[in-house]
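All chains are named by letter (A, B, ...) in the order of the sequence lines, taking the proteins before the strands, and each is independently numbered beginning at 1.
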Number of protein chains: 2
Amino acid sequence: MFDRNSALFKALGDEELESLAKHSRLKVLSKHQYLCTQYTDAQYVYIIASGAAVAERVSSDGRRQVLSFIFPGDVIGLTYHHEFSVKSLTPLTSHQFRQNKIAELSEKYSSLSDNLSSIRERVIALMLDQLYLLGQKKAHERVCFLLLHLLKRLPGASVDNIELPMTRLDMADYLGLTVETVSRSITKLKAEGLIETTELHSMAITDLETVTKLADIN
Amino acid sequence: MFDRNSALFKALGDEELESLAKHSRLKVLSKHQYLCTQYTDAQYVYIIASGAAVAERVSSDGRRQVLSFIFPGDVIGLTYHHEFSVKSLTPLTSHQFRQNKIAELSEKYSSLSDNLSSIRERVIALMLDQLYLLGQKKAHERVCFLLLHLLKRLPGASVDNIELPMTRLDMADYLGLTVETVSRSITKLKAEGLIETTELHSMAITDLETVTKLADIN
DNA sequence: CGGGCACTTGAGGACGTTCAAGGAGGGTGG
DNA sequence: CCACCCTCCTTGAACGTCCTCAAGTGCCCG
């Protein structure tokens with residue numbers, strides 16, 4: 001039932017997995033629905049089983065920051081309050097747990113508790129990368145970073161085929177740019193022979209070394 | 001010895017505090033020294049007693065992102081690897097603990113463990129605000145945000161006197177701007193009657209409502 | 001087939017950066 | 001104690017990157 005590749009279930013024994021399974025509920029969303037919304041109590045923890053989503057923050061004047069793209073195995077709701085909304089990009093399936101149940105089980109099973117710690121740590125590491133990106137990087141560097149990020153995190157992605165589950169607007173709001181700038185950056189990267197696009201949402205990295213150099217923080 | 005106002009020591013009993021004190025070492029730094037540096041193992045946890053510091057990430061081409069300003073009561077080193085360096089802005093005193101000692105004690109004392117969780121949560125909340133700031137906000141909005149942030153976090157700061165412990169460059173690198181833009185933004189805010197500067201590093205907010213409106217995310 | 005949405009492309013403009021100069025404050029050595 | 005220097009800050013001018021506005025294309029779905 002549960003995928004041990006997920007950071008939450010990693011290295012858990014059968015007993016732990018069964019306990020978790022007992023308290024989980026499958027939650028299924030279609031495209032463009034909200035799993036949870038900004039500034040409400042976080043009653044549940046979700047672990048994504050399939051599909052893709054975004055964590056976003058929207059202000060009253062319409063500006064929107066995509067905080068993270070979310071993929072299978074990712075965990076949502078480990079904080080007491082949601083500081084963001086989570087919206088599905090594709091049909092989405094997730095396992096829902098009561099937050100206090102997770103807290104309870106993590107006291108009992110130290111491996112679960114360790115997993116939770118390492119998830120939080122990874123979230124922080126990702127956010128630090130993104131802070132650097134938004135504060136310091138140029139538009140085309142940001143796009144390269146996103147491509148490599150997706151290459152790492154998207155299930156089934158390979159250098160010669162990255163299927164983007166999000167629109168250009170989602171990419172723009174993640175990168176702190178406009179749709180037009182993202183589009184132009186992609187065009188430019190294509191012109192320079194660094195990437196190729198077979199379809200609108202299918203990309204290939206043809207010059208991984210250069211793309212990595214542009215994306216990297218060092 | 002320890003200040004219960006710090007998020008780490010909050011609501012701890014005398015026994016807990018004594019156990020911690022037993023395992024702590026005072027670490028004193030002068031101006032512009034490193035408490036810890038990027039990409040090294042985090043052996044120690046530090047809690048700031050006095051002074052101010054920055055958490056920063058520097059790339060090989062010289063670009064620098066200030067990830068956070070650090071003030072008394074703040075805790076550093078709760079992750080296994082430092083993804084950043086911490087540099088003192090002023091003379092700095094901190095209490096140093098071995099990381100595994102903290103982990104050990106937090107298993108024993110649940111209030112300590114709770115404190116650690118809430119610290120991590122607060123760190124994430126701050127970072128989310130900053131992501132929105134860097135991705136979406138205009139220069140003068142960023143400066144307003146920083147002023148309010150300092151008003152909340154700087155010990156001794158009040159609406160009519162905020163003593164900035166950092167240079168304009170630190171502010172710029174925190175806000176994803178250049179020194180010149182920060183300087184111009186401050187000049188503009190002064191001209192509009194929103195703030196006043198008595199000295200270079202002393203500011204007063206004269207129109208809190210407007211500043212708040214500009215800084216806010218909603 | 002038509003309409004709507006997403007994407008691309010172009011032109012113009014704004015915001016922030018870069019480059020450059022000048023001023024103010026603090027520390028050091030004469 | 002003053003002169004000098006260095007660092008930090010401000011201000012100006014020119015430039016560039018990215019944004020805004022606008023038009024046009026392609027694709028999906030009804």
Side-chain angles (χ1 to χ4, degrees), chain A residues 30-32 54 61-66 87 89-91 133-147 162-192 195-203 214, chain B residues 30-32 52 54 61-66 87 89-91 133-147 163-192 195-203 214:
Chain A
S30 58
K31 243 186 185 185
H32 304 312
V54 286
D61 63 1
R63 286 183 278 185
R64 169 179 180 254
Q65 179 64 37
V66 169
K87 190 166 82 178
L89 293 171
T90 65
L133 176 135
L134 291 173
Q136 304 301 325
K137 285 195 167 98
K138 305 253 176 247
H140 64 286
E141 295 173 327
R142 300 186 193 197
V143 171
C144 288
F145 180 90
L146 175 56
L147 286 176
I162 302 173
E163 292 284 337
L164 308 177
M166 74 287 287
T167 66
R168 297 287 192 266
L169 181 60
D170 296 321
M171 298 171 66
D173 288 344
Y174 178 74
L175 299 173
L177 302 168
T178 58
V179 197
E180 293 94 331
T181 301
V182 170
S183 180
R184 275 186 256 267
S185 294
I186 291 173
T187 305
K188 191 176 159 232
L189 293 174
K190 278 199 285 187
E192 290 169 347
I195 65 171
E196 279 173 7
T197 62
T198 52
E199 293 170 53
L200 254 183
H201 294 270
S202 299
M203 307 222 164
L214 285 172
Chain B
S30 56
K31 246 185 183 185
H32 305 311
V54 287
D61 64 0
R63 286 183 279 185
R64 168 178 180 255
Q65 179 65 37
V66 169
K87 191 167 81 178
L89 292 172
T90 65
L133 176 135
L134 291 173
Q136 303 303 324
K137 286 197 168 99
K138 305 253 176 247
H140 64 288
E141 296 173 326
R142 298 186 193 197
V143 172
C144 288
F145 180 90
L146 175 56
L147 286 176
E163 292 284 337
L164 308 177
M166 74 288 286
T167 67
R168 298 288 191 266
L169 181 61
D170 296 321
M171 297 172 66
D173 288 343
Y174 178 73
L175 299 173
L177 301 169
T178 58
V179 199
E180 294 92 332
T181 302
V182 170
S183 180
R184 276 186 255 268
S185 294
I186 290 173
T187 305
K188 192 175 158 233
L189 292 174
K190 279 199 283 186
E192 290 169 346
I195 65 171
E196 280 172 6
T197 62
T198 53
E199 292 171 52
L200 254 183
H201 293 272
S202 299
M203 307 224 165
L214 286 172

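When rounded to the nearest whole Å, the span between CZ of A/Arg168 and C1' of D/dT25 equals 14 Å. In this structure, CG of B/Leu169 is placed 12 Å from P of C/dT18, rounded to the nearest angstrom. Atom-to-atom, CD of A/Gln136 to C1' of C/dT17 comes out at 12 Å; the value is rounded to the nearest Å. Atom CE of A/Met166 is separated from atom P of C/dA6 by 15 Å (rounded to the nearest Å). The distance between atom CG of B/Leu164 and atom P of D/dC9, rounded to the nearest whole Å, is 10 Å. A straight line from CD of B/Glu180 to P of D/dT7 spans 17 Å, rounded to a whole angstrom. The NE2-C1' distance, from B/His32 to C/dG27, rounds to 13 Å in whole Å. Separating the NZ atom of B/Lys188 from the P atom of C/dC15 is a distance of 8 Å, rounded to the nearest angstrom.
Using a 4.5 Å cut-off on side-chain heavy atoms (C-beta onward), A/Asp170 and A/Arg64 make contact.
Counting all heavy atoms, side chain and backbone alike, B/Glu163 lies closest to B/Ser202 at OE2-OG, 2.9 Å. Across A/Val143 and A/Leu189, no two heavy atoms sit closer than the pair CG1-CD1, 3.8 Å. The two residues B/Val179 and B/Arg168 make their nearest non-hydrogen contact at CG1-CB, 3.6 Å. Contact between B/Lys190 and B/Thr197 at its shortest, heavy atoms only, is NZ-OG1, 3.1 Å.
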Output one line per pair: protein atom, nucleotide atom from nucleotides 14-18 of chain D, and distance, for all N/O pairs under 3.5 Å.
from, atom 1, to, atom 2, distance (Å)
D/dC18, OP1, A/Ala139, N, 2.8

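The only member of A/Leu214, A/Leu147, A/Leu133, A/Thr181 that meets side-chain contact (heavy atoms from CB on, under 4.5 Å) when paired with A/Arg142 is A/Leu133.
Across C/dA6, D/dT10, C/dT8, the shortest atom-to-atom separation from the side chain of B/Leu200 is found for D/dT10.
A 6.0 Å sphere centred on CD of A/Glu192 holds more than 12 heavy atoms belonging to other residues, nucleotides or ligands.
For D/dC8, the OP1/OP2 oxygens have no side-chain nitrogen or oxygen of B/His201 closer than 4.0 Å.
Judged by distance alone with a 3.5 Å cut-off, no donor-acceptor contact links the side chain of A/Glu199 to the base of D/dC27.
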